[in-house]
**Q** 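Take this structure first; my questions come after.
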Protein chains: 2
Amino acid sequence: MREQLREKMAGEIALSDEPGKTIRKWREQFKVSQQDLARQLDVSPSVISDYEAGRRKSPGIVTVKRIVDALISLDEMAGGHVMKQYTLANVAEAVIAIKEFSEDVLMTNFLKTIEGENLTPQVQIDRHLHGYTVIDSIKAITSLDSFDYLKIYGWSSQRALIFTGVKFGRSPMIAIRAHPLKPAMVVYQRPEKVDELAVKLAEIENIPLIRTSLDIPVLIERLNKL
Amino acid sequence: MREQLREKMAGEIALSDEPGKTIRKWREQFKVSQQDLARQLDVSPSVISDYEAGRRKSPGIVTVKRIVDALISLDEMAGGHVMKQYTLANVAEAVIAIKEFSEDVLMTNFLKTIEGENLTPQVQIDRHLHGYTVIDSIKAITSLDSFDYLKIYGWSSQRALIFTGVKFGRSPMIAIRAHPLKPAMVVYQRPEKVDELAVKLAEIENIPLIRTSLDIPVLIERLNKL
DNA sequence: TCTGGTAATCGTCAATCGACGATTCAAGTC
DNA sequence: GACTTGAATCGTCGATTGACGATTACCAGA
């Protein structure tokens with residue numbers, strides 16, 4: 001993952017309109033002072049300040065590389081704390097919780113547990129669930145990646161997909177509709193509103209669409225008991 | 001994904017010891033001539049050649065950005081063919097097949113279907129499976145990413161993990177051992193050899209370790225019937 | 001109030017970049 | 001053999017970077 005992070009940092013800085021600000025952002029992420037960074041790089045602290053202030057509009061890639069590596073090295077010397085964040089955190093960015101049940105769970109029980117309200121009364125809820133995935137839909141959408149992960153790993157015929165941060169509930173259903181592998185159940189956690197279209201799509205797909213008003217920590221806790 | 005690719009390209013170029021070669025690599029990926037690229041950038045072709053030849057040891061990030069954007073723009077104008085490669089291909093790189101069963105499958109049936117030989121006779125195989133994932137272990141290892149995806153999405157207590165391209169079978173078991181979430185069964189498809197350590201680890205974890213001699217297409221076909 | 005840690009600003013200068021254009025090669029292909 | 005097309009090499013030159021050090025400014029504590 002080290003390489004990944006290095007590349008991301010370098011890429012971000014290189015593409016930034018204000019590389020200085022991006023450098024600063026990362027330096028702050030790593031909780032390193034300009035001085036410490038300067039020491040690690042064996043340059044004067046003013047150099048760092050100049051970069052961050054944007055005095056150089058297009059620093060050379062060697063400079064960028066040196067800065068990135070210095071930050072990562074400093075972090076490693078201090079235990080690699082920051083890097084760890086960007087390992088799991090990034091990959092799992094959009095996934096808040098995930099679990100496979102050791103024994104199948106009835107949808108009706110699942111509903112009771114999360115205090116869910118069925119928005120699609122026509123759809124049968126007599127099936128079983130093998131597991132669930134709780135997804136931060138904002139993050140899933142902004143980092144398209146995550147959506148792709150989900151497409152491949154997280155969506156399966158026998159699990160509940162729980163979306164948090166839902167506005168109208170259209171995008172998740174559209175994504176589901178576009179994909180061959182369907183979840184057995186879709187849950188919106190405290191949606192602002194649930195669009196008609198979302199309900200209609202769920203009915204077409206024959207997937208029960210559930211709304212719950214539990215907040216995330218409570219929801220997670222309840223789910224853990226299953 | 002566009003942003004992702006941009007960042008990756010910029011990052012790679014920025015971190016490269018020979019940025020010129022990396023620029024060339026990408027230009028060739030995009031199947032663009034130096035001249036076309038130069039035209040897109042509105043500079044003389046010799047400029048590109050100079051960069052690729054390494055005449056500038058540390059090009060400024062603005063230059064890098066311009067080159068990256070030019071390549072992507074050219075690709076987009078031509079239909080975005082190259083970019084598409086870097087979308088799904090990359091994410092799914094290591095996953096050859098994946099499926100959740102609609103109904104549980106007994107391990108013994110699973111074994112019969114794939115003509116599997118149990119290398120761990122002590123371990124019980126009376127459990128059920130919810131699904132399986134077929135993984136190209138070479139790709140999974142070289143692109144560390146994929147291994148991380150798996151950690152989070154693909155590994156679950158009730159599924160079979162099928163590894164292809166196995167040399168000694170140590171790495172997959174070690175990775176499994178290191179991770180809290182365990183598969184219910186591990187299958188090696190035509191391993192060159194199966195190391196003692198791998199078997200021992202499987203026993204410790206109480207995960208049946210299976211060997212199959214089916215080749216990949218046949219294996220997939222059989223699995224599809226489940 | 002003084003001090004130490006952190007950061008900003010700026011003048012300066014050698015080194016390097018960014019770009020051009022002229023020239024030379026290497027392969028096709030007409 | 002003449003003619004494109006793609007690429008390499010290099011001298012040149014103005015513009016910018018990379019780095020320093022001096023100076024200033026802003027806190028938070030002792």
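Convention: sequence-line order gives letters A, B, ...; per-chain numbering from 1.
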**Q** What are the residues of residues 65-74 of chain B, sorted by number, that bring a heavy atom to within less than 4.0 Å of DNA chain D?
**A**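 Contacting residues: none.
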**Q** Just list the side-chain donor-acceptor pairs under 3.5 Å for residues 54-61 of chain B, sequence neighbours left out, or say none.
**A**
{"unit_1": "B:Arg55", "atom_1": "NH1", "unit_2": "B:Asp50", "atom_2": "OD2", "d": "3.2"}
{"unit_1": "B:Ser58", "atom_1": "OG", "unit_2": "A:Ile61", "atom_2": "N", "d": "3.1"}
{"unit_1": "B:Ser58", "atom_1": "OG", "unit_2": "A:Val62", "atom_2": "N", "d": "3.0"}

**Q** Which part of the nucleic acid, if any, lies within contact of B:Ser49, taking any heavy atom under 4.0 Å across all strands shown: a base, the sugar-phosphate backbone alone, or nothing?
**A** base
**Q** Grab the CD-C1' distance between A:Glu52 and C:dA7 for me, whole Å please.
**A**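 Taking atom C1' of C:dA7 as the reference, CD of A:Glu52 is at 9 Å.
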**Q** Starting at atom CZ of A:Arg39, determine the distance to atom C1' of C:dT6, rounded to an integer number of angstrom.
**A**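 A:Arg39 atom CZ is separated from C:dT6 atom C1' by 11 Å.
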**Q** Which atom pair, heavy atoms only, marks the closest approach of B:Phe30 to B:Leu5?
**A** CZ-CD2, 4.2 Å
**Q** Within this structure, what is the CD-to-P distance between A:Glu28 and C:dT6, rounded to whole angstrom?
**A** 13 Å
**Q** Would you indicate, yes or no, if C:dA8 has its OP1 or OP2 atom less than 4.0 angstrom from a side-chain nitrogen or oxygen of A:Gln34?
**A**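 Yes.
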**Q** Please tabulate, for side-chain N and O atoms in residues 214-226 of chain A, each donor-acceptor pair with protein atoms closer than 3.5 Å (sequence neighbours left out).
**A**
{"unit_1": "A:Asp215", "atom_1": "OD1", "unit_2": "A:Val218", "atom_2": "N", "d": "3.4"}
{"unit_1": "A:Arg222", "atom_1": "NH1", "unit_2": "A:Thr113", "atom_2": "O", "d": "3.0"}
{"unit_1": "A:Arg222", "atom_1": "NH1", "unit_2": "A:Glu115", "atom_2": "OE2", "d": "3.2"}
{"unit_1": "A:Arg222", "atom_1": "NH2", "unit_2": "A:Glu115", "atom_2": "OE2", "d": "3.1"}

**Q** Parallel under 30°, tilted from 30 to 60°, perpendicular over 60°: which one fits the rings of B:Tyr188 and B:Phe163?
**A**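 Correct class here is perpendicular.
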**Q** B:Met185 and B:Ile207: which non-hydrogen atoms are nearest, and at how many Å?
**A** CA-CG2, 3.8 Å
**Q** How many whole angstroms separate atom OH of B:Tyr51 from atom C1' of C:dA19?
**A** 8 Å
**Q** Which is the 5'-most and which the 3'-most nucleotide of DNA chain D that has an atom under 4.0 Å from a heavy atom of chain B?
**A** D:dG6 to D:dT12
**Q** Want to settle it: does B:Ser46 or B:Arg56 sit nearer the 5' end of DNA chain C, counting the closest nucleotide to each?
**A** B:Arg56
**Q** Distance check needed: C:dA15 C1' versus B:Lys57 NZ, whole Å only.
**A** 11 Å
**Q** On DNA chain D, compare the nucleotides closest to B:Ser58 and B:Pro45; which residue's is nearer the 5' end?
**A** B:Pro45
**Q** For the backbone of B:Ala14 and the side chain of A:Lys65, can you confirm whether one donor and one acceptor N or O come within less than 3.5 Å of each other?
**A** no
**Q** Let me know the distance between CG of B:Asp50 and P of C:dA19, rounded to the nearest Å.
**A** 11 Å
**Q** Would you please name every residue forming a side chain to side chain donor-acceptor pair (under 3.5 Å) with B:Asn206, sequence neighbours left out?
**A** none
**Q** Taking all non-hydrogen atoms of both residues into account, name the closest pair between B:Ser16 and B:Pro19 and its distance.
**A**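 That would be OG-N, 3.5 Å.
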**Q** What is the distance, to the nearest angstrom, from the CZ atom on A:Arg27 to the P atom on C:dG5?
**A**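 Going from A:Arg27 (CZ) to C:dG5 (P), I get 17 Å.
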**Q** Checking B:Ser213 side chain against B:Arg190 main chain: does a donor-acceptor pair fall under 3.5 Å?
**A** no
**Q** Could you walk me through whether A:Asp69 and A:Arg66 pass the salt bridge (charged side-chain N to carboxylate O under 4.0 Å, His left out) check?
**A** CA-CA 5 Å; A:Asp69 285 340; A:Arg66 296 208 317 136; over 6 Å; no
**Q** Rounded to whole angstrom units, what separation is found between the CD1 atom of A:Ile61 and the P atom of C:dC17?
**A**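 Atom-to-atom, A:Ile61 to C:dC17, this comes out as 10 Å.
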**Q** Do nucleotides 25-30 of chain C as a string where each nucleotide becomes B, S or -: B if the base has a protein heavy atom under 4.0 Å, S if just the sugar-phosphate does, - if no protein is that close.
**A** ------
**Q** Going by the side chain to side chain donor-acceptor pair (under 3.5 Å) test, name the single residue among B:Lys25, B:Gln34, B:Lys21 that passes it with B:Glu52.
**A**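 The passing option is B:Gln34.
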**Q** Does one side chain, of A:Arg159 or A:Thr133, offer a donor that lies under 3.5 Å from an acceptor on the other?
**A** yes
